[in-house]
Amino acid sequence: SKIYQELIYNYENFGTTFYSITDDCFNDSRDKVFRMADLFNKLPFDIEWVCYARPDLAVKFPETFDSMVESGCKGVSWGLESFNHGAAKAAGKGVLPDKIKEMLVTKYEQHKDKCFFQGTFIAGLPYETEESINETINWIISKKSLDYVSMGVLILSEFDPSLDKNFIDFADYVKNPQRYGFKKISFDPYYWEHETMNYDEASRLSKMWNDKVNEEVDAAVLSIWGFPSLRTYGFSFEEICRIMRNRQEKEYWTNIIRKREIEYLNEYHMNLKKLAST
């Protein structure tokens, strides 16, 4: 396949073995996951990669995530959005939160020696409340089945029918805000309000939530997307585990990472000068 040929070309010419896969949902198809895993497993070198994935599909097809890890997945960013069932359903994630939580706990315990878990949430989805957000925080801190967590604030795009399905897949609560209890939406100045929350409250909760969760992690790197850079700087997987999961060694690893980064950039610039002079 063209993908296989491209991976071989990159390896033979540049030594590339690590990829950040920016497909917004790597596991959107069971067949696709198995086809990609088979392709990765046939490569004459060990490939490593990080990606985005939907947790509800990992609940429905748990074997797909196992296949992803065995074929080189070192980090997954789960689009969790919310553990409030009404809020998650409004965002297009209809699987019961308890099943999502069970999957996270089970798969993290099964694969934590091979793969990092990141979870992304949204503060301010319709039906979300401050109480349900606090329950989510407490679950994350107590279960420790996510290495990193971030919560953004709900951002609504101004609906344009001419762009819908062509360039932007607008959420239904953008197209039909009254259906989800929105009482006010303004784009200048930016503001929204629905039955259980408003933009200002969501912004406050997001900051509080991120600060509290990050206090529990506080490692030298706070995202799976930092994994490729660490590999580029020559760190082993075992070292990366210490870097990304050990808050006690944060200062130690931060200094080493910075030193390796400077060394890498210096070498890179020297190589550019050599090429320019030939």
Side-chain angles (χ1 to χ4, degrees), residues 22 24-25 50 52-56 75-95 97-98 100-101 104 108 116-159 168-175 177 180-226 244-245 247 250:
T22 55
D24 60 2
C25 186
V50 293
Y52 297 99
R54 283 185 60 139
D56 51 346
V76 59
S77 181
W78 298 110
L80 296 165
E81 322 307 6
S82 175
F83 283 155
N84 177 305
H85 184 51
K89 191 173 181 180
K93 309 291 178 71
V95 174
D98 284 348
I100 298 291
K101 293 175 180 178
L104 291 172
Y108 186 76
F116 292 89
F117 279 29
Q118 180 168 306
T120 58
F121 293 82
I122 300 174
L125 290 170
Y127 314 116
E128 186 80 80
T129 65
E130 182 167 356
E131 180 182 5
S132 63
I133 286 180
N134 289 333
E135 289 174 355
T136 295
I137 294 173
N138 293 332
W139 185 89
I140 289 169
I141 291 174
S142 64
K143 294 299 182 181
K144 301 185 185 303
S145 294
L146 291 167
D147 294 300
Y148 316 107
V149 181
S150 64
M151 174 173 279
V153 181
L154 176 65
I155 300 297
L156 302 179
S157 302
E158 193 165 3
F159 181 60
I168 301 175
D169 186 10
F170 286 97
D172 190 51
Y173 49 76
V174 173
K175 293 184 281 189
Y180 298 93
F182 281 93
K183 300 177 180 179
K184 182 178 180 180
I185 297 177
S186 170
F187 294 99
D188 187 20
Y190 184 82
Y191 181 80
W192 52 258
E193 180 178 345
H194 55 65
E195 293 177 353
T196 58
M197 201 171 292
N198 62 46
Y199 175 72
D200 294 336
E201 292 170 343
S203 298
R204 174 182 61 82
L205 289 169
S206 173
K207 184 180 184 308
M208 177 199 74
W209 197 93
N210 286 321
D211 288 346
K212 186 170 183 178
V213 172
N214 286 335
E215 282 178 7
E216 295 293 316
V217 180
D218 196 31
V221 176
L222 295 174
S223 170
I224 64 163
W225 305 107
M244 299 176 78
R245 287 176 174 159
R247 61 182 298 175
K250 177 182 178 180

**Q** Let me see the working for His85 and Lys93 under side-chain contact (heavy atoms from CB on, under 4.5 Å), right down to the final yes or no.
**A** CA-CA 8 Å; His85 184 51; Lys93 309 291 178 71; over 6 Å; no
**Q** Can you name the residues that form a side-chain hydrogen bond (donor to acceptor under 3.5 Å, both in side chains) with Lys143, not counting sequence neighbours?
**A**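 For Lys143 there are no side-chain hydrogen bond (donor to acceptor under 3.5 Å, both in side chains) partners, ignoring immediate neighbours.
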**Q** Going by an N to O cut-off under 4.0 Å, is there a salt bridge joining Lys207 and Asp211?
**A** yes
**Q** Can you tell me how far OH of Tyr180 sits from NZ of Lys89, rounded to the nearest 0.5 angstrom?
**A**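 Between Lys89 NZ and Tyr180 OH, I get 10.0 Å after rounding to 0.5 Å.
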**Q** For Glu128 and Ile122, which heavy atoms make the closest approach, and how far apart are they?
**A** OE1-O, 4.3 Å
**Q** Between Val221 and Arg245, is a side-chain contact (heavy atoms from CB on, under 4.5 Å) present by the stated rule, with each step listed?
**A** CA-CA 9 Å; Val221 176; Arg245 287 176 174 159; over 6 Å; no
**Q** Working to the nearest 0.5 angstrom, can you tell me the gap between Asn134 CG and Thr129 OG1?
**A** 8.0 Å
**Q** Identify the heavy atoms of Gly79 and Pro55 that sit nearest to each other, and give their distance.
**A** O-CD, 3.5 Å
**Q** Report, as yes or no, whether the 6.0 Å neighbourhood of atom NZ on Lys184 holds more than 12 heavy atoms from other residues, nucleotides or ligands.
**A** no
**Q** For the residue pair Tyr173 and Ala91, what are the closest heavy atoms and their distance?
**A** CE2-CA, 4.2 Å
**Q** Would you kindly say whether Ser203 and Ser206 are connected by a side-chain donor-acceptor distance under 3.5 Å?
**A** no
**Q** Run the side-chain hydrogen bond (donor to acceptor under 3.5 Å, both in side chains) test against Asp188 and tell me which residues pass, sequence neighbours left out.
**A** none
**Q** Applying side-chain hydrogen bond (donor to acceptor under 3.5 Å, both in side chains), can you list everything that pairs with Asp98, at least two apart in sequence or on another chain?
**A**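 Checked Asp98 against side-chain hydrogen bond (donor to acceptor under 3.5 Å, both in side chains); zero matches.
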**Q** Using only heavy-atom distances, determine whether the side chains of Glu193 and Tyr191 contain a donor-acceptor pair under 3.5 Å.
**A** yes
**Q** Take Met208 and Ile137, measure what side-chain contact (heavy atoms from CB on, under 4.5 Å) needs, and give me the verdict at the end.
**A** CA-CA 10 Å; Met208 177 199 74; Ile137 294 173; 4.2 Å; yes
**Q** Find the distance between NZ (Lys101) and CD1 (Ile140) and round it off to the nearest 0.5 Å.
**A**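 Atom-to-atom, Lys101:NZ and Ile140:CD1 are 9.0 Å apart.
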**Q** What residues, two or more places apart in sequence or in another chain, satisfy ring pair (Phe, Tyr, Trp, His ring centres under 6.0 Å) together with Phe117?
**A**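 For Phe117, the residues satisfying ring pair (Phe, Tyr, Trp, His ring centres under 6.0 Å) (neighbours in sequence not counted) are Phe65, Trp78, Tyr108.
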**Q** Examine distances only and state if a side-chain atom of Asn210 and a backbone atom of Ser150 form a donor-acceptor pair shorter than 3.5 Å.
**A**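 No, because the side chain of Asn210 does not come within donor-acceptor range (under 3.5 Å) of the backbone of Ser150.
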**Q** What pair of heavy atoms forms the shortest contact from His194 to Leu125, and how long is it?
**A**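 Between these two residues, the closest heavy atoms are NE2-O, 3.5 Å.
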**Q** For Ile224 and Gly75, work out which heavy atoms get closest and say how close.
**A**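 That closest heavy-atom pairing would be CD1-C, 3.7 Å.
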**Q** Show your working on side-chain contact (heavy atoms from CB on, under 4.5 Å) between Tyr190 and Leu156 and close with a plain yes or no.
**A** CA-CA 9 Å; Tyr190 184 82; Leu156 302 179; 3.7 Å; yes
**Q** Measure the spacing between OG of Ser77 and CG of Leu146 and express it to the nearest 0.5 Å.
**A** 10.0 Å
**Q** Locate the shortest heavy-atom distance separating Gly92 from Asp56; write the atom from each residue and the value.
**A** O-OD2, 4.5 Å
**Q** Under 4.5 Å between any side-chain heavy atoms of Leu104 and Leu80, yes or no?
**A** yes
**Q** OH of Tyr52 to SG of Cys25: how many Å apart, nearest 0.5 Å?
**A**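 The SG atom of Cys25 is 12.0 Å from OH of Tyr52, to the nearest 0.5 Å.
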**Q** To the nearest 0.5 angstrom, please state how far the CH2 atom of Trp192 sits from the CD1 atom of Ile185.
**A**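 Interatomic distance, Trp192 CH2 to Ile185 CD1, rounded to 0.5 Å: 9.5 Å.
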**Q** Please tell me if the side chains of Leu222 and Met244 come closer than 4.5 Å, counting only heavy atoms from C-beta onward.
**A** no
**Q** Hey, could you give me each pair passing ring-ring contact (aromatic ring centres under 6.0 Å, His included) that has a residue in residues 121-155? Not counting sequence neighbours.
**A**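 For residues 121-155, and leaving out neighbouring residues, the ring-ring contact (aromatic ring centres under 6.0 Å, His included) pairs sorted by first residue read Phe83-Phe121, Phe83-Trp139, Phe121-Trp209.
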**Q** Give the C-alpha distance, both sets of side-chain angles, the deciding distance and a yes or no for salt bridge (charged side-chain N to carboxylate O under 4.0 Å, His left out) between Glu81 and Arg54.
**A** CA-CA 10 Å; Glu81 322 307 6; Arg54 283 185 60 139; over 6 Å; no
**Q** Sequence neighbours left out, what passes side-chain hydrogen bond (donor to acceptor under 3.5 Å, both in side chains) with Gln118? Give chain and number order.
**A**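 With neighbours one apart ignored, the set is Ser223.
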